[in-house]
2 protein chains.
Amino acid sequence: MSGALKDAAIRVERPAKTLRELALDKVREAIVNGYFRPGDRLVERDLCAQLGVSRTVVREVLRHLESEGLVANLPNKGPIVAQLDIDEARQIYEIRGALEGMAARLCAERGSPEIVAALEESLAAIRNSYRDHDMAAVLANTSSFYQTLFTMVDRHVAWGVVNLLTVRINHLRSMTIKTERRGIEGPLQMSKIIDAIRRGDGEGAQRAAMDHVAAASAIAEAVLSAQKPAE
Amino acid sequence: MSGALKDAAIRVERPAKTLRELALDKVREAIVNGYFRPGDRLVERDLCAQLGVSRTVVREVLRHLESEGLVANLPNKGPIVAQLDIDEARQIYEIRGALEGMAARLCAERGSPEIVAALEESLAAIRNSYRDHDMAAVLANTSSFYQTLFTMVDRHVAWGVVNLLTVRINHLRSMTIKTERRGIEGPLQMSKIIDAIRRGDGEGAQRAAMDHVAAASAIAEAVLSAQKPAE
DNA sequence: AATCGTATTATGGCCTACCAAATACTGTAG
DNA sequence: CTACAGTATTTGGTAGGCCATAATACGATT
């Protein structure tokens, strides 16, 4: 196993991603950052033209995004960007709470100083990003914080699930982060998670992580229900 | 919303599934029930011939299964049936524990007699299937039990996640179920879940659900580590 | 005989072109 | 103004072909 790890460290980052992967990233990007709005139709041939690739590739990309939940396929009408459903968002936050709570508990129970150090580093980066009002960086560093939480205890599958779900609520996340008091409360709640982990309090770490997600969920819900009637 | 629900209840099960969906189910089936073994190469053109469909469809199916985790894609070598990793299996069981525990707790907290009734019905079906030694039915009814747990409290997203993860360990499940004492202990643990839900004990329901998954996980691990050295 | 190139094959990645069926649109006749 | 017929749009699916790469087999050379 350590041999495999060593190999992985050496291995050259394959620069030759397939066209399909590039196209996938582009379209996902476009959906997540709002270039394609929820409900927009994704016409195959238009996408072919915009991406400069063939239908074969576009179709595979659309299938992939469909299974990610970013694209919905109306029968006999074709794919559209998935609508954001307030109830679905709530469920996603709930699942994140359960899984991130689990990860936090495991971190606490392991009681390794390196975990605490890594998390504190992430948190510092988040605070810096808030200070600079660089919201894209806040988002990235928050992801990194949670990634640390999962990967330090080798829960790659759970991290994958969380990641998968998170892209579906990405624009919500970017809105909750911009909320007034979030820049102070968010890091505060995260530091509570770290504190609990540091003192090996699994129960407390789990609760703190769930609280943090619950707070984000509450803000998201407020944002969403304030926005829906407007449309 | 209630209108949509009524429609959904009425709507005829669209018999005109696309060829793609049919092919997807066939290949998934073939992987899950062992017709394709882990590590087997899935050669596009061969699959075309076997399924009687074009490469376009086959490729889309392979992409989809890849994002489900049933198929792995080796660069420059093509798709193979994903290998079952013991650590990954453990993680999947752990996630199921977290989510099914959450669902059980929610069921208990809702305190609706219909939930208890529905779960008891499922459990009875499982017991019958065990009595008849119909293991396929045991598996189906067990899924149905958990589906009830999730859908009665409208957690469709979480159910989707569990389902997605479960196909990856399906053959493990079918082995754990055949284990000697499982036919008695499994239903016993499930009835404990129901008992806790009936008396509105959220904490207890969650713990009972997690215990049940943990037991399955332990058996799976034993089965798997007894099997691996043989190969 | 061992080794070093070189054809051949197998296969995935990608493309173009085509057809059928369903849907949406549009213009005209009554 | 309505009903209907025709037309365009778009997906679902097929066929086949081109190219690049990896592996294998096959010689040729030393």
Side-chain angles (χ1 to χ4, degrees), chain A residues 7 10-28 30-31 36-83, chain B residues 7 11-31 36-83:
Chain A
D7 285 353
I10 292 281
R11 177 163 303 137
V12 55
E13 189 72 22
R14 177 171 48 121
K17 288 221 271 189
T18 67
L19 202 53
R20 201 181 61 238
E21 291 170 288
L22 295 175
L24 176 61
D25 289 344
K26 278 258 189 261
V27 178
R28 192 195 286 113
I31 292 177
F36 293 127
R37 311 283 294 274
D40 280 3
R41 294 191 60 182
L42 297 171
V43 178
E44 286 182 8
R45 280 160 174 99
D46 293 356
L47 282 177
C48 291
Q50 291 184 54
L51 295 169
V53 299
S54 75
R55 262 185 88 200
T56 311
V57 170
V58 168
R59 289 181 59 154
E60 288 174 33
V61 166
L62 288 175
R63 286 328 143 211
H64 196 116
L65 292 173
E66 192 184 343
S67 71
E68 276 185 19
L70 274 181
V71 164
N73 220 333
L74 309 183
N76 292 324
K77 260 189 75 180
I80 63 172
V81 178
Q83 305 272 4
Chain B
D7 286 351
R11 177 164 302 139
V12 57
E13 190 71 23
R14 177 170 49 120
K17 288 221 270 191
T18 66
L19 201 53
R20 201 179 61 238
E21 291 170 286
L22 295 176
L24 176 62
D25 290 344
K26 278 259 189 259
V27 178
R28 193 195 286 112
E29 242 329 88
I31 293 177
F36 293 126
R37 312 282 296 273
D40 280 2
R41 295 191 61 183
L42 298 171
V43 177
E44 286 181 9
R45 287 164 172 94
D46 292 356
L47 282 178
C48 293
Q50 292 184 52
L51 294 169
V53 299
S54 72
R55 262 183 91 197
T56 311
V57 171
V58 167
R59 290 181 56 119
E60 285 174 340
V61 166
L62 289 175
R63 286 325 143 215
H64 196 115
L65 292 173
E66 193 184 342
S67 72
E68 276 185 18
L70 275 182
V71 164
N73 220 332
L74 310 184
N76 292 326
K77 261 189 76 179
I80 64 171
V81 178
Q83 305 272 3

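Order of the sequence lines sets the chain letters (A, B, ...), proteins ahead of strands, with each chain counted from 1.
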Below 4.0 Å from chain A heavy atoms, what is the first contacting nucleotide of DNA chain C and what is the last?
C/dC14 to C/dA24
B/Asn76 side chain near D/dA22 phosphate (N/O to OP1/OP2, under 4.0 Å)
yes
Under the 3.5 angstrom rule, does the side chain of A/Arg41 hit a backbone N or O of A/Lys77 as a donor-acceptor pair?
yes
Mark yes when over 12 heavy atoms from residues, nucleotides or ligands other than A/Arg37 sit less than 6.0 Å from its CZ; otherwise mark no.
no
Could you check how far CD of A/Glu66 sits from C1' of D/dG12, rounded to whole Å?
13 Å
Does any non-hydrogen side-chain atom of A/Val58 lie less than 4.5 Å from one of A/Leu42?
no
Interatomic distance where NZ belongs to B/Lys77 and P belongs to D/dA23 [whole Å]:
7 Å
Taking the side chain as every heavy atom from C-beta outward, state whether B/Leu47 and B/Glu44 have any pair of such atoms under 4.5 Å apart.
no
Is there a side-chain contact between B/His64 and B/Arg20, using heavy atoms and a 4.5 Å cut-off?
no
B/Leu22 atom CG is separated from D/dG12 atom P, nearest whole Å, by 14 Å
Nearest-nucleotide wise, let me know which of A/Leu19 and A/Arg41 is further upstream toward the 5' end of DNA chain C.
A/Leu19
Less than 4.5 Å apart, side chain to side chain, heavy atoms only: is that true for A/Val53 and A/Leu22?
no
Spell out, as yes or no, whether a donor-acceptor pair under 3.5 Å connects the side chain of A/Glu60 to the backbone of A/Val57.
no
From the list B/Val27, B/Val61, B/Asp46, B/Leu19, side-chain contact (heavy atoms from CB on, under 4.5 Å) partner of B/Leu51 resolves to B/Val27
Nucleic acid contacts of residues 52-63 of chain B, taken as heavy-atom distances under 4.0 Å to DNA chain C
B/Arg55, B/Arg59, B/Arg63
Roughly, in whole Å, what's the span from CZ in B/Arg45 to C1' in D/dT14?
15 Å
